[in-house]
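Read the structure below first, then the notes.
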There are 2 protein chains.
Amino acid sequence: MRLTTKGRYAVTAMLDLAIHAGNGPVSLADISERQGISLSYLEQLFAKLRRNELVRSVRGPGGGYQLNREQQDIDVAQVIDAVNESVDATGCGHTGSCQDGNICLTHHLWCDLSSQIHDFLSKISLADLMARKDVRSVAERQNRGHNASFEDSLISAKVTV
Amino acid sequence: MRLTTKGRYAVTAMLDLAIHAGNGPVSLADISERQGISLSYLEQLFAKLRRNELVRSVRGPGGGYQLNREQQDIDVAQVIDAVNESVDATGCGHTGSCQDGNICLTHHLWCDLSSQIHDFLSKISLADLMARKDVRSVAERQNRGHNASFEDSLISAKVTV
DNA sequence: TATAAAGTTGACTGTTTTAGTTGGTTAAAT
DNA sequence: ATTTAACCAACTAAAACAGTCAACTTTATA
Ligand code: FES
Ligand code: FES
């Protein structure tokens, strides 16, 4: 199993997208600056997120990305799966064959663990994360010194630029 | 976070050790053959397991490794930690500083996930695994064609070779 | 219509980790 | 003395990770 910066970046970026939704599309350049993630790396990640239909893109000036579903309908497991191709703790991809075709001694343990992790992550939506106090305070900090504050972006929702 | 074959091998090997305990020390060569794990790789893993006092070694002919505690006092989390140095899902090592010194947007999420995984794995001991039907049947299969059957090894416990 | 902002794509790179291998050296039992 | 097996250190091939770079397409707007 691998949960590295790739998956973490993806979730962080999606959360950033959720937080700054309402002002039209969010550009990767903005996310890059706010979250400190390489722009080119974000491009790779969003290519996968788009293929998995978690985001949609708007090209051209003023373009960027938007969530393709409601915030409560996107959970963390989906995001990680999209960039990571599975949060699987088994060595056999659930086929039960890492002992020259046979099941190994600990196969069921890793199956259990996998579903444990997946359950936990799939119960957390972007909306849930948005509601957390710690997330909101970090988001506010990140917006200080930028074009718009967090409060602004909440208030000015739907106002065309 | 990383849970790869390294951690899986370690748990599998420890479980093999637990299953074949009672006949005196178990050699890495036996584990290697039964579990299909490279002998040299096992040596590296057991060096770490020994440093973490999960196993003790007996050198010389007839030597090998033994569990250093009761089976119910060794849990899966301890084994993985020993070879992996932490099952940590955060990018900052719990220090809260992967945003140039500051806490990132998703820090708490990864902290929660880390403790979730650790909790799950630390509640499973080698004794628990031994008791599982799927483990016992795999162990029996692995012992067919070898020097001693699983039943034998249970019965002939304490009988010096 | 020209320009610039943005997404899209592919190839490329340095580093780290994995999963080993090779080749020895001790320690203990026969 | 020989054999068995743990111990140890250095090395390696392959993969994954994290990121860069360059070229291209689409589209808003001046
Ligand atoms: S992990 Fe599935 S067979 Fe080993
Ligand atoms: S994961 Fe801890 S600060 Fe980002």
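Phosphate proximity of D:dC7 to B:Ser57: present, with a side-chain N or O under 4.0 Å from OP1 or OP2. Residue A:Tyr65 has a polar side-chain atom (N or O) positioned under 4.0 Å from OP1 or OP2 of C:dT8. A close approach under 4.0 Å does occur between a side-chain nitrogen or oxygen of A:Ser38 and OP1 or OP2 of D:dT20. Residue B:Thr4 places at least one side-chain N or O under 4.0 Å from the OP1 or OP2 atom of C:dA19.
Distance check: A:Asp134 CG to B:Ile103 CD1 gives 7.0 Å after rounding to the nearest 0.5 Å. Rounded to the nearest 0.5 Å, atoms OG1 (B:Thr12) and CH2 (A:Trp110) are 6.5 Å apart.
When heavy atoms are screened at a 4.0 angstrom cut-off, A:Gly63 is found touching the sugar-phosphate backbone but no base atom. Heavy atoms of A:Tyr9 sit under 4.0 angstrom from primed sugar atoms or phosphate atoms, though from no base atom.
At whole-Å resolution of the value, CZ in B:Arg50 and P in D:dA5 are 17 Å apart. Nucleotide C:dA5 holds its P atom 15 Å from the CD atom of A:Glu43, rounded to whole Å. A straight line from CG of B:Asn84 to P of C:dA19 spans 10 Å, rounded to a whole angstrom. Rounded to a whole Å, the NZ atom of A:Lys6 is 12 Å from the C1' atom of D:dG19. Going from atom CG of A:Leu39 over to atom C1' of C:dA5 covers 12 Å, rounded to whole Å. Across the protein-nucleic acid pair, A:Gln66 atom CD and C:dA6 atom P stand 14 Å apart, rounded to whole Å. To the nearest angstrom, P of D:dT20 lies 13 Å from CG of A:Leu45. Separating the CD atom of A:Gln44 from the C1' atom of D:dC21 is a distance of 11 Å, rounded to the nearest angstrom.
Note on A:Lys48 versus A:Asp81: no salt bridge recorded, every NZ/NE/NH1/NH2 to OD/OE distance being 4.0 Å or above. Under 4.0 Å is where a charged nitrogen must lie from a carboxylate oxygen, and between A:Arg34 and A:Asp16 at least one such pair does.
Comparing C:dT22, C:dG7, C:dT18 against the side chain of B:Ser40 picks out C:dT22 as the nearest. Nearest nucleotide to the side chain of B:Thr5, out of D:dT3, C:dA6, C:dT18: C:dT18.
Two residues, A:Ile37 and B:Ala47, neighbour DNA chain D, and the one matched to the more 5' nucleotide by heavy-atom proximity is B:Ala47. Between A:Gly62 and B:Gly62, the one whose closest nucleotide on DNA chain D sits nearer the 5' end is B:Gly62.
Residues A:Leu54 and A:Val79 share a closest heavy-atom pair of CD1-CA, 3.9 Å.
One donor-acceptor pair, N or O on each side, does fall under 3.5 Å between the base of C:dT26 and the side chain of B:Arg59.
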